[in-house]
Every structure is written in C-alpha cells, then in structure tokens.
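Comments concern the structure below.
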Amino acid sequence: MSEQQLVRREKLAKLQAQGRDPFAMLTWNQSHHSVEIKQNFEQLENKDVSVAGRIMSFRDIGKAAFIDLQDRDGRIQLYLNAEQLGPEQYAEIKTWDVGDIVGAEGYVFRTKRGEISVHAKRLVLLTKALEPLPEKFHGLKDPEIRYRRRYLDLIMSPEVMETFKKRTLIIRAIREFLDNRGYIEVETPILSTIASGAAARPFVTKSNALNLQLYLRIATELYLKRCIVGGMERVYDMGKNFRNEGIDIRHNPEFTMIELYEAYTDYKGMMELCENLVAYAAQKVCGATKLSYQGTEIDFTPPWRRLTMSDAVKEYGGIDFSSVRTNEEAQALAKEKGFEHELKKKLKDCTKGDILNAAFEFYAEEHLIQPTFIMDYPTEISPLTKQKPGDPTMTERFEAFVYGREIGNAYSELNDPIVQLDRFTQQSKERELGDDEAYQLDEDFVASLEVGMPPTGGLGIGIDRIIMFLTDAYSIRDVILFPTMKPNS
RNA sequence: GGGCCGUUAGCUCAGCUGGUAGAGCAGCAGACUCUUAAUCUGCGGGUCGGAGGUUCGAUCCCUCCACGGCUCACCA
C-alpha cells in the first residue's frame with residue numbers, strides 16, 4: 001500500500017474513532033446540480049442550494065479555501081471561509097482529500113474573479129476516498145487503466161462521461177424512432193442450443209440443469225422471424241450479441257446489435273428505414289446529420305448513395321463481373337488480378353459469387369467513406385435472403401457502409417421453407433469444406449416458415465459502430481464502458 | 001496468431017555510452033481571507049512489469065513470460 005493510501009486510512013480511522021464515520025452516512029438531499037446552478041445564476045443568486053459530489057481540487061489560501069466539486073453534470077466551486085464555518089469544522093475540512101465525496105449547503109454567489117460558486121455554510125464528508133485520484137492536469141492517460149478501471153476514466157475525463165451519456169441518448173432515439181413506427185421491442189434468447197443467423201464462431205457454455213451444451217447468441221434473426229410468423233408484424237431486439245472472434249478497434253466479443261423485421265416490405269423499405277433511423281439519431285443527439293469523424297466530414301442526410309456490389313467492383317476495381325459467366329472464368333480473373341489471397345476457400349472451390357464478394361472487399365470497401373448502400377449480394381453468401389426476381393445467383397440484400405466500415409445488413413427475408421432448407425444444406429457443405437462459420441441448420445425455424453411468414457424486410461445495425469460515428473470515437477472500446485480484457489495478473 | 005511499440009513514485013513523464021534513479025502534480029509539515037494547473041518554504045515516497053542470462057556491476061544489453069497499445073491476418 002502506498003504512503004498516500006496509508007495516510008488516508010489513518011484519517012479515516014481518526015474520524016471513526018470520533019464517531020464520525022463517513023461510511024455510516026446514508027443520504028444527502030441534492031437540491032441542485034453543478035451546471036444547473038451556473039445556467040440559472042440570475043434566479044439562484046443569494047439563494048440557498050444543496051449540492052454533492054467529489055472533491056476534484058482543493059485550494060487552501062489560509063483562512064479561506066476553494067473546492068472544485070464534481071457531480072454528474074460537471075463542476076461547481078465551493079467557497080469556504082474559516083470565520084463562518086468555525087475554527088473546528090474548518091480545521092477538519094482541511095484534512096479532507098481530493099477524491100473525497102462531500103455534501104455542501106450554502107448560497108449561490110459570484111466570486112471577485114467571476115466564478116459562480118456556492119458559499120458553503122455546512123459541509124459533510126459523505127464518503128472517504130482511500131485511493132488518490134490520477135494527476136489533475138494530465139488526467140488518466142494509460143489506456144489499460146482507462147479500460148480496466150473505467151470509473152477512474154469517468155471521473156477524470158468529462159469527454160468520456162459525455163460519450164457514454166450520448167450512448168444512452170442514441171439508443172433512446174433509436175427506440176423512439178421505431179416505437180413511433182409501430183414496432184414492438186421483444187427479447188429473444190441469449191442462450192440457445194443452436195447459434196445461427198450469422199457467420200461467426202459462438203461462445204460455448206453449459207446448462208447444469210439440462211446437462212446440455214448451449215451457445216451464446218451470435219444473432220437474433222431466426223427468433224425475430226418467428227415473431228413475424230407469429231403475427232407481430234414489426235419487431236426488434238436491441239441487445240448484446242457474442243462472437244468468439246478477434247478483438248480490435250472495431251470488434252469486441254460482446255457488442256450491441258439491433259435487428260428489426262417488418263412484414264409486407266422488402267430490402268428497399270429497409271434502406272429507407274436505415275438511413276432515416278441513423279439520421280434521426282444523429283439529428284436528435286448531435287443536432288446535425290453532417291458530422292466530423294476522425295477529421296472527415298460524413299453526411300448522414302438521406303438519401304444515401306445506392307450502388308450494386310457488381311457496380312462497386314466495376315467502379316473501384318475496373319472489373320466487370322456482368323460479363324463473367326462461369327465459376328472457372330471468375331477463378332481465372334481472381335488469379336489474374338491477384339486478389340485470390342482474399343478468398344477464404346481454395347480457389348477451385350470458389351464460386352463466381354464468392355469471388356465477386358472478395359473483389360468487392362479488396363477493391364471497393366475502403367472507398368465507401370460517405371454512407372453507401374451496397375446492394376445485391378451473391379446467393380451463396382446470403383443463405384437467409386430472397387433471390388432477385390429473374391436472377392437466382394443474386395439476392396435482395398444490402399449492407400450499409402460508412403468510412404469503409406460495415407454498419408448494417410439487410411434482406412428481403414427468405415420465406416420459402418423449401419428453399420430455406422436447401423440453403424441450410426448448402427451451408428452444411430460449406431462447413432464440410434472447412435468453413436466453421438457456416439450457418440447452422442435450425443429445424444424449428446424452417447418449421448416456422450412452413451406455418452407461413454409474410455413477405456418481410458429485415459435489418460441489423462451495429463449499435464456500437466453507430467455510436468462511434470456519432471461520438472467521433474476512434475475505437476469500439478471508447479464506446480463500451482467495460483470492454484473485454486484479459487485478467488491482469 | 002505475426003510484426004512494431006510500451007510497462008520507471010498514487011498519476012503524467014525524464015533517465016545519454018551499463019556505475020542500483022529524477023521532475024511536475026499528488027502527499028506530509030508550515031505560511032497565506034477571492035483562488036481556479038493558486039502561490040511560497042521545507043520534507044518523505046521506488047521489488048524500474050516478472051523470471052532467467054551476460055557482466056566486477058543491469059532501469060539500460062540478451063532470452064523467455066505477463067499485460068497493454070497500434071497494425072496485419074481473422075472477423076460483418
């Protein structure tokens with residue numbers, strides 16, 4: 001234990017010995033918060049207020065002192081005067097430390113230097129901090145401590161507090177947007193015997209009661225579609241998904257996703273919904289639909305650009321896939337252009353669709369800075385999507401890209417149970433070819449389609465990624481309060 | 001998983017060519033009745049991430065390990 005921690009424990013022990021244990025304090029009535037006092041100074045001047053918060057700095061100038069008190073919203077200065085507080089209480093207050101949590105009553109005034117402050121008449125130590133705070137000027141820099149001990153980060157960095165407040169507002173705005181359109185929010189299982197609905201490795205866990213291996217969900221899709229079958233018409237689930245994959249600046253093993261499904265519309269309906277939903281949240285929380293992200297202006301104002309995958313590859317890679325007829329032709333093209341290393345399977349096992357998708361990722365993705373819908377994905381990589389009328393090799397699917405990153409994925413939902421079963425069978429073959437992320441067959445889901453699912457549009461949006469754009473966050477860890485970390489010892 | 005970088009006082013950081021460590025803030029003691037990175041005087045505080053190795057001698061050089069950051073791969 002550090003010298004400073006020992007000193008604080010001694011101070012605590014002394015208070016406890018005097019029967020004034022700060023940890024025995026129960027309540028404090030906060031009549032006002034810091035920022036509120038500053039904003040309503042004219043009405044509050046000379047009026048009594050009661051505030052509470054953490055001591056962030058203590059400037060002792062002899063028989064007077066100034067405390068910067070930090071609460072939920074910001075800081076307010078307290079003015080302390082030895083004469084008014086009495087020598088005994090004033091002497092005790094001088095033993096309090098930066099980091100301690102106090103309540104203060106007094107009247108609002110402006111100091112000679114113009115700082116709106118509370119002239120304290122009564123101060124109470126509500127909690128003793130036994131550990132000193134990070135340095136007041138430089139703040140907390142060490143990224144490891146910031147993520148592991150986020151509470152320190154929140155105390156020391158107002159912009160971090162701001163980001164997480166915005167996170168809540170963004171999520172609230174999204175719910176509001178959907179609720180206004182007649183959507184029902186539902187909760188689908190996190191624990192399931194089959195992890196399906198997306199291409200990702202799941203986390204595995206075990207039920208003791210059922211003596212059964214279970215998976216944490218990787219998507220909510222198949223359950224939400226069951227809700228559509230059940231007649232809910234418009235549903236969404238916003239919550240955590242879990243994918244047992246790599247961790248980087250855009251990926252955390254647990255992340256927040258919204259999936260929504262709307263009967264009697266298709267992927268074009270979802271396109272409008274997607275751009276309007278994001279624009280709504282941006283307008284509501286940031287006050288604008290044109291935002292700066294990492295120094296680049298991003299314009300979320302609808303309508304967003306629409307481009308087919310094939311056209312994107314033509315535009316950014318100069319390759320015209322519309323003239324490619326066979327898998328063999330596509331394989332030769334991949335080899336010739338030198339992007340066959342982008343393929344996840346052996347070249348000879350790749351279809352034209354696999355190769356088109358790889359070409360898209362290789363040539364086009366990074367250029368999609370402004371919000372763009374990439375439409376019409378190959379059937380073989382879209383096992384839950386309806387085919388395009390007149391072209392069974394392609395599906396009615398889009399992904400939304402911003403700043404070269406995928407933020408959303410949507411389909412005209414496949415509702416033909418016979419075709420769906422066939423697609424799952426294809427996925428099983430992919431699994432046999434070594435793709436351990438191929439979609440797993442969910443028999444009850446297919447059975448639900450046999451009961452009949454109306455034509456439906458569905459959309460999934462990565463909430464953390466939206467929040468990154470709306471808060472100008474560089475890393476996904478900056479928008480997740482407690483990102484996944486290894487234990488540190 | 002690969003590559004690069006980092007880990008020194010509670011925090012932010014210095015530390016040269018190898019001679020067992022410094023500053024600022026914070027802390028402690030004192031002065032100061034309008035300060036706001038308050039100021040002034042004095043003092044204390046270190047398993048230099050861990051384990052080995054080289055060396056007369058290692059914070060420094062080498063190896064391994066741990067954790068973290070960036071990046072590539074993986075990943076919607």
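The structure presented is a predicted model; accordingly, all values stated were derived computationally and were not measured. Scope of the values below: all heavy atoms of this structure, side chains included, with no hydrogens, waters or symmetry mates. Proteins come first, then strands; the chains are lettered A, B, ... in the order of their sequence lines, and each starts at number 1.
Straight-line distance between the P atoms of B/U63 and B/U54: roughly 15 Å, to the nearest whole Å. Comparing the same atom, P, in B/U71 and in B/G19 gives a spacing of 36 Å after rounding to whole Å. Going from the C1' atom of B/A26 to that of B/C43 covers 15 Å, rounded to whole Å. When the C1' atom is compared between B/G57 and B/A14, the two are found 24 Å apart, to the nearest whole Å. With both ends at atom P, the span from B/C28 to B/G10 equals 15 Å, rounded to whole Å. The P atoms of B/C62 and B/A23 are separated by 29 Å, rounded to the nearest whole Å. Rounded to a whole angstrom, the distance from the C1' atom of B/U7 to that of B/G15 is 15 Å. Nucleotides B/G69 and B/A58 are separated by 27 Å at their C1' atoms, to the nearest Å.
At a cut-off of 3.5 angstrom, counting only N and O atoms as typed in the model, there is a donor on one side and an acceptor on the other between the side-chain of A/E3 and the base of B/G44. With hydrogens and angles ignored, a donor-acceptor pair under 3.5 angstrom links the side chain of A/T111 to the base of B/U35. Between the side chain of A/H251 and the base of B/C75, at least one donor-acceptor pair of N or O atoms lies under 3.5 Å. Applying the 3.5 Å distance criterion, the base of B/A26 shares no donor-acceptor pair with the side chain of A/E135. One can find a donor-acceptor pair under 3.5 Å joining the base of B/C74 and the side-chain atoms of A/D248. Interface remark: the A/E115 side chain does not form any donor-acceptor pair with the B/U35 base, using a distance-only criterion of under 3.5 Å.
Donor-acceptor pairing under 3.5 Å is recorded for the side chains of A/Y267 and A/D376. In this model, no donor atom of one side chain and acceptor atom of the other lie less than 3.5 Å apart for A/E254 and A/N241.
If you take CD1 of A/I55 and P of B/U36, they are 18 Å apart, rounded to a whole angstrom. Distance, A/D60 CG to B/C40 C1': 13 Å, rounded to whole Å. Protein atom NZ of A/K141 is 14 Å distant from nucleotide atom P of B/C11, rounded to whole Å. In this structure, A/L152 places its CG atom 10 Å from P of B/U12, rounding to the nearest Å. Between A/K11 atom NZ and B/C28 atom P there is a gap of 4 Å when expressed in whole angstrom units. With rounding to whole Å, A/D68 atom CG is found 17 Å from B/C34 atom P.
Nearer the 5' end of RNA chain B, as judged by each residue's closest nucleotide, is the contact made by A/I145, out of A/N81 and A/I145.
Taking the six-membered ring where tryptophan is involved, the planes of A/H367 and A/Y316 are essentially parallel, since the angle between them stays under 30° and well short of 60°. Under the 30°/60° scheme for interplanar angles, the aromatic rings of A/Y403 and A/F469 are found to stand perpendicular. By the 30° and 60° cut-offs, the orientation of the rings of A/W304 relative to A/F373 is parallel.
Helical stems in RNA chain B, defined as runs of 3 or more consecutive Watson-Crick or G-U wobble pairs with donor-acceptor distances under 3.5 Å: B:1-7 with B:66-72, B:10-13 with B:22-25, B:27-31 with B:39-43, B:49-53 with B:61-65.
Contact annotation: A/R59 side-chain N/O to B/A37 OP1/OP2 distance is not under 4.0 Å.
A ring-centre distance under 6.0 Å is not found for A/Y215 and A/F203.
At a threshold of 4.0 angstrom between heavy atoms, the contacts of A/M485 are confined to the sugar-phosphate backbone, with no base atom among them. Among the atoms of the strands shown, base atoms are found under 4.0 Å from some heavy atom of A/E399.
Pairs of residues two or more places apart, or lying in two chains, that qualify as salt bridge (Lys or Arg N to Asp or Glu O under 4.0 Å) and include a residue from residues 52-61 of chain A are A/R59-A/D68, A/D60-A/K94.
Nearest to the side-chain atoms of A/Y474 among the listed nucleotides B/U33, B/C75, B/C70 stands B/C70.
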